[in-house]
Amino acid sequence: MGGRLYSPHLQLSSFGKIERNGLVIFTVTLNPAVDKILFLGQFQKSRTNRLTRTLETIGGKGTHVFLNLKIMGVKSTALGIALGENGKKIVSMLGDCGEAVQILHYDLPGMESRTNYEIVEDSNHNCSMLTERGPILPRHITDDLLDQIRGLIKPGDMLVLTGDASNVEDTCIYSRLTAAANALGARVFLDASGHYLKEGLDSRPFLIKPNIEELSFIAGRDLTTEADILAAMQALDEFNIPMIAMTRGWIGSIIKNGRDFFKVNPIKVRAVNEAGCGDAFLSAMIAGTEKNMSILETLKLAAAVAAAAAECESTVGFDPARAEELKKQAEVVKIG
Ligand code: TA6
């Protein structure tokens, strides 16, 4: 793995082989988690709440894109950083899905990959995420990842950078990874928030997926009307980002593809768990790009996959047959 001496306590946890038949998609999860999903009727503050059931699955947005792509029959390779025993659990959950996994695992005193909790209220389908921060990742660890990525990426590949990075000492990690990937001829899909998104704009990602709060943060003002949103997306032209996917849950999404704007209306379904729908939407955008689908077909797929994901009780995954069905209801209109 490259020339530089890697950090001590590092073990490369790899499953499967990276198959190079054309481009490879690499998903990066800097801060993966074990998700514990807690179901109950209705949450009562300062009372004992009796859970009706619990579910444990893999957490972290990059791992979700990796699993969702697999469901869509699109191969990818999971990269990221895992720590301690919880990290080993995350790696084995990734390994179980039979795709290529090349996770950097560290056994360092007191450092364990995080656990996230989600409360799902069956009575009103409210979903509340409680995410741990996770241990602070020192620079030498993210430098290992940067070196690994420099050694793996080839022209035409795709690099997916998504999820929380607030536990990373190197606060420019996403823009450094983006610049490295661009220099090697890859396209970067960046789904980050706050400082990490703003900081990453300059490094010319191929696609960013801000939700309405994140776009308002970049614009420095509240975006209340459609015209506001279009103007804020247009204002990002200075960064030459080919595609901007602004998602707003059940209000629908607005996509800027080059000079064109599209509105993606949400598909009405009986939602069980809405966590992970954004990851599902992004996964479909990546699958559509990898398969050279038209922008209209890609956005219909994204709407359908996100809706199918909402029908599932887990934070990751969806029923592909159901997504195919829902695609027939997808409405995408060119606007602006
Ligand atoms: O989008 C769903 C999810 O990925 C959950 O699995 C949960 O782990 C959380 O979001 C993690 O998001 P974060 O932004 O903290 O990386």
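Every number for a ligand or one of its atoms is a count from 1 in the order of the listing.
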Worksheet item: For ligand 1, does M129 get within less than 4.0 Å through its side chain, its backbone, both, or neither, judged by non-hydrogen atoms?
Response: side chain

Worksheet, complete the sentence: Heavy-atom proximity to atom 8 (O) of ligand 1, picking from D35, V65, N31, V34, points to D35

Practice prompt. With heavy atoms only and a cut-off of under 4.0 Å, state how R114 meets ligand 1: side chain, backbone, both or neither.
Written response: side chain

Worksheet item: For ligand 1, which atoms have a heavy atom of G163 less than 4.0 angstrom away?
Response: 16 (O)

Worksheet item: Quick one: do the S175 and E199 side chains pair a donor with an acceptor below 3.5 Å?
Response: yes

Discussion item. Is it the case that ligand 1 has an N or O less than 3.5 angstrom from some N or O of K61?
Written reply: yes

Worksheet item: Rounded to the nearest 0.5 Å, what separation is found between the OG1 atom of T315 and the NE2 atom of H64?
Response: 4.0 Å

Fill in: Top protein contact for atom 14 (O) of ligand 1, by heavy-atom distance
D164 N, 3.5 Å

Worksheet item: Would one find more than 12 heavy atoms of other residues, nucleotides or ligands at under 6.0 Å from atom CZ of R204?
Response: no

Worksheet item: Taking side chain as C-beta onward, heavy atoms only, is S216 less than 4.5 Å from R221?
Response: no

Item to complete: Ignoring hydrogens, just give me the one of N116, T29, I58 whose non-hydrogen atom is nearest atom 11 (C) of ligand 1.
Response: N116

Discussion item. For D222 and T224: C-alpha separation, side-chain torsions, deciding distance, then whether side chain to side chain donor-acceptor pair (under 3.5 Å) applies.
Written reply: CA-CA 6 Å; D222 283 343; T224 48; over 6 Å; no

Item to complete: Consider ligand 1: state whether an atom of it lies below 4.0 angstrom from any non-hydrogen atom of G276.
Response: yes

Worksheet item: Using a heavy-atom cut-off of under 4.0 Å, does the side chain or the backbone of D279 touch ligand 1, or both, or neither?
Response: side chain

Fill in: Under 3.5 Å side-chain donor-acceptor pair for Y196 and D164
no

Discussion item. Are any of the N/O atoms on G60, whether in the backbone or the side chain, positioned under 3.5 angstrom from an N/O atom of ligand 1?
Written reply: yes

Fill in: Pairwise distance CD(Q234) to CD1(I229) - rounded to 0.5 angstrom
13.5 Å

